[in-house]
Number of protein chains: 2
Amino acid sequence: MSEDTTPEAAPKFRRRKEARPDEILDAALDLFVEKGFDRTRVEEIATRAGVSKGAVYLYFSSKDAVIEALVDRAVGVIVGEVVDQIGGFKGDPREILRQIAPLFMARMSDPRVLAVPKLVIREAPTHPKLATMYRERVIGRALPALVALFRQGMEGGYIREVDPDMAVRCVLGPFLMHVLLADVFDIWPDSDRPKDLRIPDLIDTHLTLLFAGLEPLSTDPHTEKEPQNG
Amino acid sequence: MSEDTTPEAAPKFRRRKEARPDEILDAALDLFVEKGFDRTRVEEIATRAGVSKGAVYLYFSSKDAVIEALVDRAVGVIVGEVVDQIGGFKGDPREILRQIAPLFMARMSDPRVLAVPKLVIREAPTHPKLATMYRERVIGRALPALVALFRQGMEGGYIREVDPDMAVRCVLGPFLMHVLLADVFDIWPDSDRPKDLRIPDLIDTHLTLLFAGLEPLSTDPHTEKEPQNG
DNA sequence: TTTAACTAAATGACTGGTCAGTTAGTTAAA
DNA sequence: TTTAACTAACTGACCAGTCATTTAGTTAAA
């Protein structure tokens, strides 16, 4: 109703060169995940970011450049220390898996973190660059580290002799399945609360099954210690 | 240069009312999986199906109707007997899982079968109908059957007491992960041959780990029989 | 301290191409 | 000859990317 008494009205825009790119990428991520790349108009991204369409093109050369910058920004910070930690570990892989699983799922429970791999999976066929970036920077580093972890665990006799490539898929797969069922098909585990992923229960069940499965056979070196049940 | 000597030339088109819809859906499935729904032009579908663009609209009311008919056609034949078989089973769930796993993966190794869930996952956010159809006709029937299988297995003391909702995700997840890595990120297990999924090795590793993990604790009823190792 | 000249951030109308869906006309088949 | 399957040209909406113009903020002379 009442205009401010000060003579000068609020300015039409502010000049904020530093903040714009991140704000545009944030807006784009939301929209891409919600509606997909092709159905998101550049003008929508601009509006949500609080700028005009033209401004988007001041910071990004094309719509494609936006999604690439988006993934680039996200994958820069994910791996690194964790991979090194896993890669250097000597001993029973179950120890480190028990530590990492909750941290991993905590990260993936943040919608803005999970959004990026979801986006990459969805747009990969039409944007191979995204898949390549994600492979080179994230999966291609994490996966070999886990394989190496299993290899040394088997050599040390801490765990059963299995194909490490396949074992890694058995470690990660249940998490993927859990998220996919909920996210794509709206299928959630039984719970009192709605939309409750029950991550701790998933981790508990998964690691219980997996760790018992990884228990070395009685002919293997380290079997003297009692099996860890329940 | 030289026209055929026969007086009547080859006809410009044939009238094939019965065959058209399936041919159009086949063409559409290929293109949707390859390039995604939005980037596939109706004219491309028509050309690949050997008809004109207008002909597509004789059989389908819109482009959306094409993808819906596609999924509808595919999910009609998938489940049924298998689900009933699992649902009625009494005994150690591992028996029936051992039987089903290779059949399941054999089906999923057919690119035209795998194409449908891939498509549904990708297009679900913009076409909720697809996700609903797939949930009601496939996942929503298979998943509860597996949960029931686990429940009765635990009640009978054949397997360890775990959360059945979560256990189901642990059973299916590794397959999903395996296919996703190869398909989206072009990451394949070590092999002499290129693009070799090594399905039997995945099944072997997965079931080895899982079945040992499912082994009931020594306080449970059926534990008298010797554990089945490697 | 004021203000005029200047820089560059930001706008928004416009364009050219693309494509879903329509329709008038053509042709195979009964 | 009739009919309906089919084609091909057409239309109108939509949207990525451009650019002439406007405006916020900065600098320096008075």
Side-chain angles (χ1 to χ4, degrees), chain A residues 4 6-29 31-32 34-70 123 126-127 129-130, chain B residues 3-4 6-32 34-70 123 126-127 129-130:
Chain A
D4 199 323
T6 52
E8 55 262 303
K12 211 165 171 181
F13 57 85
R14 302 265 168 188
R15 306 174 64 174
R16 292 171 57 245
K17 189 185 167 108
E18 283 69 33
R20 294 302 189 208
D22 273 333
E23 289 171 356
I24 292 167
L25 294 182
D26 288 343
L29 179 57
L31 289 164
F32 288 164
E34 184 189 329
K35 326 173 24 165
F37 179 83
D38 288 326
R39 304 203 162 194
T40 300
R41 278 173 292 128
V42 173
E43 188 148 21
E44 283 182 283
I45 299 171
T47 302
R48 181 172 299 207
V51 294
S52 70
K53 183 179 172 183
V56 172
Y57 287 93
L58 294 174
Y59 297 101
F60 302 98
S61 61
S62 67
K63 194 182 171 188
D64 278 0
V66 172
I67 194 172
E68 283 162 22
L70 197 54
E123 307 297 342
T126 42
H127 290 88
K129 266 192 193 175
L130 302 188
Chain B
E3 288 291 308
D4 198 321
T6 50
E8 55 262 298
K12 214 165 179 180
F13 60 86
R14 303 267 167 177
R15 310 170 114 216
R16 292 171 56 248
K17 190 184 162 95
E18 283 71 30
R20 295 301 189 204
D22 273 333
E23 289 172 355
I24 291 167
L25 293 182
D26 288 343
L29 179 58
D30 284 350
L31 289 164
F32 287 164
E34 183 189 331
K35 323 169 33 161
F37 179 83
D38 288 328
R39 303 206 163 192
T40 300
R41 297 199 308 281
V42 172
E43 189 149 21
E44 284 183 282
I45 299 172
T47 303
R48 182 173 297 208
V51 293
S52 70
K53 182 180 172 181
V56 172
Y57 286 92
L58 294 174
Y59 297 101
F60 301 98
S61 62
S62 67
K63 194 182 172 190
D64 278 0
V66 172
I67 194 172
E68 282 163 22
L70 197 54
E123 307 297 342
T126 43
H127 289 90
K129 267 192 192 173
L130 302 188

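Numbers restart at 1 for each chain; the letters A, B, ... are given by sequence-line order, proteins then strands.
At whole-Å resolution of the value, CZ in B:Arg16 and P in C:dA29 are 11 Å apart. Across the protein-nucleic acid pair, B:Leu58 atom CG and C:dT26 atom P stand 17 Å apart, rounded to whole Å. Rounding to whole angstrom units, CZ of residue B:Arg39 and P of D:dA16 are separated by 11 Å. Note: CZ (A:Arg14) to C1' (D:dT26) measures 15 Å, nearest angstrom. Atom CZ of A:Arg41 and atom C1' of D:dC15 are 8 Å apart (whole Å). At whole-Å resolution of the value, CZ in A:Phe60 and P in D:dT18 are 15 Å apart. Put simply, NZ on A:Lys63 is 12 Å from C1' on D:dG17, counting in whole angstrom units. The distance between atom CD of B:Glu23 and atom P of D:dA5, rounded to the nearest whole Å, is 15 Å.
Counting non-hydrogen atoms under 4.0 angstrom, A:Tyr59 reaches the backbone sugars and phosphates but no base. Residue contacts for A:Thr40: at a heavy-atom cut-off of 4.0 Å it reaches the sugar-phosphate backbone alone, with no base atom in range.
Residues B:Glu43 and B:Phe13 both approach DNA chain C. Their nearest nucleotides, taken by heavy-atom distance, put B:Glu43 toward the 5′ side.
A donor N or O paired with an acceptor N or O is not found under 3.5 Å between the base of D:dA8 and the side-chain atoms of B:Lys53.
Under the Watson-Crick and G-U wobble criteria, each requiring two contacts below 3.5 Å, nucleotide C:dA28 is paired to D:dT3. Of the nucleotides present, C:dT23 is the one that pairs with D:dA8 by Watson-Crick or G-U wobble criteria, both distances under 3.5 Å.
Phosphate proximity of D:dA5 to B:Lys17: present, with a side-chain N or O under 4.0 Å from OP1 or OP2. The phosphate of C:dA10 has OP1 or OP2 within less than 4.0 Å of a side-chain N or O from A:Arg20.
Ranking D:dT7, C:dG21, C:dA10 by closeness to the B:Ser52 side chain, first place goes to D:dT7. If you check D:dA8, D:dG17, C:dT11 against the side chain of B:Lys12, the one that comes closest is D:dA8.
In this structure a side-chain-to-backbone donor-acceptor pair under 3.5 Å is present from B:Lys63 to B:Phe37. Distance alone, capped at 3.5 Å, places no donor-acceptor pair between the A:Glu68 side chain and the A:Lys129 backbone.
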